[in-house]
Amino acid sequence: MNVARRPATDTEALEKMLARGQDNLLLRFGLGGEYARRGEYDKAITHLEAAVAFDAKHAAAWKLLGKALATCGRLDDARHAYRSGIDAARADGHVQAAREMEVFLKRLDKSSP
């Protein structure tokens, strides 16, 4: 009898890779992004913090980390993430990414004391 298997979700597949020891920047960034899309920001933060630990120059990881932190109300941590992301983006010549994070940072500063 041929039993159809339920396809693994993206997060399940990525978590299995991590469990096998395939820990790296792109895996953590991917997991962080998937959890953020699902609204599971605490899990997203864990993986995005690991991603920037692998490479502090990864501006996209800093940007997504800042968003996740801000969504969870961790505004000082979000500011730090955005500032780090701006520095990383500028260092690599990613002007647009730096500008986006500058806007997010300004919004944070306007919305809180």
Side-chain angles (χ1 to χ4, degrees):
M1 181 165 137
N2 188 3
V3 177
R5 293 175 45 192
R6 181 181 66 85
T9 65
D10 290 338
T11 51
E12 287 173 338
L14 294 174
E15 288 284 4
K16 286 179 183 177
M17 291 173 66
L18 184 61
R20 288 193 304 262
Q22 297 174 309
D23 198 3
N24 60 56
L25 165 69
L26 293 178
L27 178 60
R28 293 299 188 130
F29 181 68
L31 275 165
E34 287 298 318
Y35 281 120
R37 270 188 280 289
R38 292 169 40 171
E40 296 181 50
Y41 292 104
D42 288 335
K43 289 181 181 180
I45 289 166
T46 298
H47 292 293
L48 294 166
E49 287 175 335
V52 298
F54 274 107
D55 184 359
K57 297 177 189 173
H58 198 274
W62 283 115
K63 182 172 120 178
L64 192 52
L65 177 58
K67 179 182 177 183
L69 289 164
T71 301
C72 288
R74 294 174 53 187
L75 303 184
D76 287 338
D77 292 334
R79 285 182 185 92
H80 171 75
Y82 286 138
R83 287 185 192 112
S84 297
I86 291 165
D87 291 343
R90 286 182 182 152
D92 273 351
H94 298 295
V95 177
Q96 184 59 35
R99 286 184 184 151
E100 287 176 20
M101 286 182 274
E102 287 168 350
V103 169
F104 298 150
L105 184 57
K106 286 178 185 175
R107 287 180 187 160
L108 270 183
D109 290 340
K110 284 182 181 180
S111 69
S112 64

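Computed from a predicted structure; not experimentally measured.
- Clustering of Ile, Leu, Val, Met, Phe, Trp and Tyr by side-chain heavy atoms under 4.5 Å joins Tyr41 with none of the others.
- Residues meeting the side-chain contact (heavy atoms from CB on, under 4.5 Å) test with Lys106, sequence neighbours left out: none.
- When hydrophobic clusters are built by joining Ile, Leu, Val, Met, Phe, Trp and Tyr residues whose side-chain heavy atoms come closer than 4.5 Å, directly or via intermediates, Leu69 is not grouped with Leu108.
- In terms of heavy atoms, Ala61 sits closest to Leu48 at O-CD2, 4.3 Å.
- The structure places NZ of Lys16 at 12.5 Å from CD of Gln22, a figure rounded to the nearest 0.5 Å.
- If you chain together hydrophobic residues whose side chains sit under 4.5 Å apart, Ile86 and Phe104 fall into the same group.
- The shortest distance between side-chain heavy atoms of Glu40 and Thr11 does not fall below 4.5 Å.
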Distance-only check: which donor-acceptor pairs under 3.5 Å involve side-chain atoms of residues 25-36, not counting sequence neighbours?
{"unit_1": "Arg28", "atom_1": "NE", "unit_2": "Asp23", "atom_2": "OD1", "d": "2.7"}
{"unit_1": "Arg28", "atom_1": "NH1", "unit_2": "His47", "atom_2": "ND1", "d": "3.2"}
{"unit_1": "Arg28", "atom_1": "NH2", "unit_2": "Asp23", "atom_2": "OD2", "d": "3.1"}
{"unit_1": "Glu34", "atom_1": "OE2", "unit_2": "Arg37", "atom_2": "NH2", "d": "2.8"}
{"unit_1": "Tyr35", "atom_1": "OH", "unit_2": "Glu15", "atom_2": "OE2", "d": "2.8"}

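- The two residues Ala59 and Gly85 come nearest to each other via the heavy atoms CB-O, 3.9 Å.
- The shortest distance between side-chain heavy atoms of Val103 and Arg99 does not fall below 4.5 Å.
- From His80, atom NE2 reaches atom CH2 of Trp62 across 4.5 Å, with rounding to the nearest 0.5 Å.
- Hydrophobic clustering (ILVMFWY, side-chain heavy atoms < 4.5 Å, transitive): Leu75 and Leu105 are in one cluster.
- Between Ala97 and Ala89, the shortest heavy-atom contact is CB-CB, 4.1 Å.
- Checking side-chain atoms of Tyr82 against main-chain N and O of Lys67 turns up a donor-acceptor pair under 3.5 Å.
- The structure places CG of Asp42 at 8.0 Å from CZ of Arg74, a figure rounded to the nearest 0.5 Å.
- Side-chain atoms of Ser84 and Val52, non-hydrogen and from C-beta on, never get closer than 4.5 Å to each other.
- Residue Arg90 comes nearest to Ala98 through the heavy atom pair CG-CB, 4.0 Å, listed as atom of the first residue, atom of the second, then distance.
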